[in-house]
Amino acid sequence: QTSDESLTFARELMRAWGKTTVRCTSTPGFIVNRVARPFYGEAQRMVEEGVADAATIDLAMREFGGFRMGPMELTDLIGQDVNLAVGTSVWEQTGHDERYTPTDFQRQLVADGRLGRKSGRGVFRYDASGQPLDASPDRALAVALTTGSIVTNPVGRTLAMLVNEAVDLVARGEASAEDVDTAMELGTNYPKGPIAWGAEIGFDVIAAQLRRLDAAFPGGRYRPSAALAGCGRVRRCRAAADAGIGNELCRARSPAVGVGLGHSVARQQHVVDEEMAGRRLGIAGEDQVGGIRQDFRRAATAEVDAGNH
């Protein structure tokens, strides 16, 4: 058990170095490497399912999700072997929880020596300068997927899982909602922290999407967190309290909570474990994606409404 004195000393030392600190219990993956697992896993599964090719999934996540890099190009930059090792570690330490099961897609890449940029080939092939040679996305398909059913929506599926992971971690008392959002914004440079994102989308919408996914892909990977399942319409603190998370979901106010999805924000890049290699995830321009995001939100709400009738 870390003493309060040691914790205070470490926090002040980090602040003296100009770093932002967050607190987390000793849990597999801590905050970033636990919450971020679906960012990779959902993309890999959708390619396995034949929903779209890797380049199109990456395009959807960049342009319509607001991430600077897609999950496929990011794992190629991190190293497929490194990313698989971290994911496998979390899976093993959580008793082989289906949420973290490594994909056959990534296992095969590593077995074939396709480790990413460092080996010249991973998901994509690369030239000597590190530029992909065979990434040709289908933009029309990306638009169709991100405005369609949650089952084939790379952005919707990924966000639902990221929010679910974050809510679960807070509900278990392993970190505060504010610290989770801070870690994901500064540690991975996500456009928003997952708690803030869940509040914007609607925790009830997220729960309904996960139920749809769980029905489509039974086995436990998409089971909603008990805390998330207990939430009502998003911004009511009572819903969060009833869910067993106190007021954490409503109190969370990290620096970018008030920033719109399409606004660029300069953030200090922090190095966090495996993500040091490539997680410089920024935000696309609102003029590019505003209409698509509105369509996505309308589609998500329509799915929830349809499921309630």
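Ionic pairing of Glu98 and Arg223 is not present here: no N-O contact between side-chain nitrogen and carboxylate oxygen is shorter than 4.0 angstrom. Salt bridge Asp76/Arg114: absent, no basic N to carboxylate O contact under 4.0 Å. Classification of Glu200 and Lys192 as a salt-bridged pair holds, one side-chain N sitting under 4.0 Å from a carboxylate O. Of the charged side-chain nitrogens involved, at least one lies within less than 4.0 Å of a carboxylate oxygen, so that Arg125 and Asp134 count as a salt-bridged pair.
Atom CE of Met72 sits about 4.0 Å away from atom CZ of Phe105, to the nearest 0.5 Å. Distance check: Thr158 OG1 to Ile57 CD1 gives 8.0 Å after rounding to the nearest 0.5 Å. Between the CD atom in Gln108 and the CG atom in Leu84 there is a gap of 11.5 Å [rounded to 0.5 Å].
Within a 6.0 Å radius of CZ in Arg107, other residues, nucleotides and ligands contribute more than 12 heavy atoms.
No hydrogens or angles considered: a donor-acceptor pair under 3.5 Å links the side chains of Gln93 and Ser89. Looking only at atom types and distance, the side chain of Glu42 has a donor-acceptor partner in the side chain of Tyr222 under 3.5 Å away. Remark: the Arg34 side chain and the Tyr100 side chain contain an N/O donor-acceptor pair separated by less than 3.5 Å. Between Glu174 and Thr27, the side chains place a donor N or O and an acceptor N or O closer than 3.5 Å (distance only, hydrogens not considered). For Thr152 and Ser149, the side-chain atoms include no donor-acceptor pair closer than 3.5 Å. Side-chain contact check for Thr101 and Arg221: no donor-acceptor pair (N or O, by modelled atom type) lies under 3.5 Å.
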Check the pair Asn83 / Arg37 against side-chain contact (heavy atoms from CB on, under 4.5 Å), numbers first and verdict last.
CA-CA 9 Å; Asn83 188 257; Arg37 302 272 47 97; 3.4 Å; yes
Could you walk me through whether Lys118 and Asp81 pass salt bridge (charged side-chain N to carboxylate O under 4.0 Å, His left out), step by step?
CA-CA 11 Å; Lys118 62 187 178 184; Asp81 52 340; 2.9 Å; yes
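Using modelled atom types, no side-chain atom of Thr8 and backbone atom of Glu5 make a donor-acceptor pair closer than 3.5 Å. Using modelled atom types, no side-chain atom of Thr103 and backbone atom of Gln44 make a donor-acceptor pair closer than 3.5 Å. Under a 3.5 Å cut-off, the side chain of Glu63 and the backbone N or O of Ala60 do not form any donor-acceptor pair. In this structure a side-chain-to-backbone donor-acceptor pair under 3.5 Å is missing from Ser6 to Thr2.
Apart from Phe30 itself, the hydrophobic cluster it occupies contains nothing, where clustering links Ile, Leu, Val, Met, Phe, Trp and Tyr at side-chain heavy-atom distances under 4.5 Å.
Residues Leu145 and Val123 share a hydrophobic cluster, clusters being chains of Ile/Leu/Val/Met/Phe/Trp/Tyr side chains in contact below 4.5 Å.
Under the 30°/60° scheme for interplanar angles, the aromatic rings of Tyr190 and Phe67 are found to stand perpendicular.
Using a 4.5 Å heavy-atom threshold, the side chains of Asp214 and Leu210 count as separate. For the pair Val35 and Leu169, the minimum side-chain heavy-atom distance is below 4.5 Å. Residues Phe124 and Gln131 form no side-chain contact, since every pair of their non-hydrogen atoms from C-beta on lies 4.5 Å or further apart.
The minimum heavy-atom distance linking Pro137 with Asp53 is given by the pair CA-OD2, 4.5 Å. Taking both residues in full, the closest heavy atoms of Asp179 and Thr21 are given as OD1-O, 4.4 Å, listed atom of the first, atom of the second, then distance.
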